Amino acid sequence: MMATVIELPLDTYKGPVSPDWCPGCGDFGVLRSVQEAAGRLGILPKDLMIVSGIGCSSNLPGFIHAYGVHSLHGRSIPVATGAHLANTDMKVVVTGGDGDGYGIGVGHLVHAMRRNLDITYVVMDNQIYGLTTGQASPTTRKGHVTKSTPPPVGNAETPLNPLALAITCGATFVARGFSGEAKLLTDLIAQGIAHKGFSLIDVFSPCVTYNKINTYAFFKEKVYKVDEEGFDPSDFYASLKKSFEWDERIPLGVIYKTEQSTYEDSEAIFKKGALVKHPVEPDKKLFEQLVHHMM
């Protein structure tokens, strides 16, 4: 018998601090979608943890009423893993940018995906380093001129493909959203949180200050919704092929979804419930030693 979900209003997750992003930044839309998704799922603030690394987008935990950790650069996944494994009853959502997640943090991301940990990772992918004022990031397009990739060549590196990486590394829910498609983005984040397993949601979140190429207008012209074309996200090879679409048409929606056992399923200790709720068994031998030394 399924539990009844009581949706919660948006104000439930309104933090005491207002966001300080640049006016027009796509991250405002992501914050609202995270809040709306949590409300739709009826997650109480005490049962929600938001973990981030470093970057403009990584300030998000400070703007939402829930438990939050603003951790180290590229280290949000390890922190989230520890929090989740300690209390598997709590929903853990990681938020960050493409530089933090796909650059210095990509090693942690790969292993979290292959373990299929029950964590949701929302990456605000603006294809630039915004906090450090406009250098090329791991998802910056080839030829893009930035502070760190000057003309005439611009960025000489092939951009990382986060969707293909996630599909091939073991993530069991892979989606792409866009700040300019608020309803779809909320749907995707809600689905990702509700999914049992590792969920990656790559979000086009335009940087209006330092990226004048990958703008709202750029994406509005190119994006389309895969569910409107009858796409089957359970087909591994079709999903992998879909993840490489870019030039004229860019897919939004659930790109890949499968049900597989999680890391938590393989550990017998989790069958007894969340670790933080396990009774603490006293170590009698240690206790006797302590008493002996105190006498």
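Just so we're clear, the structure is a prediction, and the values are computed from it rather than from any experiment.
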Donor on one side chain, acceptor on other, [X] and [Y], under 3.5 Å:
X	Y	answer
Asp202	Tyr102	yes
Thr139	Asp125	yes
Thr186	Glu36	yes

Joint cluster assignment, [X] & [Y], ILVMFWY side-chain distance < 4.5 Å:
X	Y	result
Val254	Leu184	yes
Val106	Val79	no
Val226	Ile201	no
Leu200	Leu117	yes
Leu163	Phe236	yes

Find the distance between [atom1] ([X]) and [atom2] ([Y]) and round it off to the nearest 0.5 Å.
X	Y	atom1	atom2	answer
Ile255	Ser239	CD1	OG	7.5 Å
Tyr13	Ile43	OH	CD1	6.5 Å
Ile128	Lys147	CD1	NZ	10.0 Å
Thr146	Lys212	OG1	NZ	14.5 Å
Phe173	Ile167	CZ	CD1	11.5 Å
Leu109	Ile104	CG	CD1	13.5 Å

Hey, does [Y] have a side-chain heavy atom less than 4.5 Å from the side chain of [X]?
X	Y	answer
Asp11	His65	no
Val51	Ser76	yes
Thr12	Pro45	yes
Leu60	Ser52	no
Ile77	Thr81	yes
Phe204	Asn214	no
Leu44	Leu8	yes
His70	Asn59	yes

Any donor-acceptor N/O pair, [X] side chain to [Y] backbone, under 3.5 Å:
X	Y	answer
Asn211	Asn126	yes
Thr88	Leu85	no
Lys220	Gly180	yes
Thr140	Gln127	yes
Thr149	His144	yes
Ser199	Ile193	no
Ser179	Gly26	yes
Asp100	Gly74	yes

Discussion item. Leu275 vs Phe270, test: side chain to side chain contact (heavy atoms under 4.5 Å, CB included). Steps then yes/no.
Written reply: CA-CA 7 Å; Leu275 296 184; Phe270 294 116; 3.9 Å; yes
Counting only heavy atoms not in [X], do more than 12 sit closer than 6.0 Å to its [atom1] atom?
X	atom1	result
Glu248	CD	no
Lys241	NZ	no
Lys14	NZ	no
Arg75	CZ	yes
Glu157	CD	no
Phe28	CZ	yes

Discussion item. Parallel, tilted or perpendicular: which one describes the rings of Phe219 and Phe178, with boundaries at 30° and 60°?
Written reply: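 The rings of Phe219 and Phe178 sit tilted, inter-plane angle from 30° to 60°.
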Worksheet item: side chain to side chain contact (heavy atoms under 4.5 Å, CB included) between Val30 and Thr95: does it pass, once the steps are laid out?
Response: CA-CA 9 Å; Val30 178; Thr95 61; 5.8 Å; no
Worksheet entry | Electrostatic pair Lys196:Asp118 at N-O distance under 4.0 angstrom |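 Salt bridge absent between Lys196 and Asp118.
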Worksheet item: Does the pair Arg176/Glu245 count as a salt bridge with the N-to-O cut at 4.0 Å?
Response: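 Not counted as a salt bridge, because no side-chain N and carboxylate O are separated by less than 4.0 Å.
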For [X] versus [Y], what's the shortest heavy-atom pair and its separation?
X	Y	value
Ala190	Leu41	O-CD1, 3.6 Å
Ser58	Gly97	OG-N, 4.4 Å
Val92	Ala80	CG1-CB, 3.7 Å
Thr120	Gly192	OG1-O, 3.1 Å

Discussion item. Checking Asp47 against Lys91 for the side chain to side chain contact (heavy atoms under 4.5 Å, CB included) test, could you report, in this order, the C-alpha distance in whole Å, the side-chain angles of both residues, the deciding distance, and whether it holds?
Written reply: CA-CA 6 Å; Asp47 296 323; Lys91 291 294 185 182; over 6 Å; no
Practice prompt. Give the intermediate values and the outcome of side chain to side chain contact (heavy atoms under 4.5 Å, CB included) for residues Asp235 and Tyr237.
Written response: CA-CA 6 Å; Asp235 186 326; Tyr237 292 102; 4.0 Å; yes
Worksheet entry | side chain to side chain contact (heavy atoms under 4.5 Å, CB included) partners for Thr172, two or more places apart |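 Testing Thr172 for side chain to side chain contact (heavy atoms under 4.5 Å, CB included), a comparison that skips the adjacent residues, returns Asn116, His195, Thr258, Gln260.
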Discussion item. Phe63 and side chain to side chain contact (heavy atoms under 4.5 Å, CB included): which single residue from Val34, Asp27, Leu31 fits?
Written reply: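 Only match with Phe63 under side chain to side chain contact (heavy atoms under 4.5 Å, CB included): Leu31.
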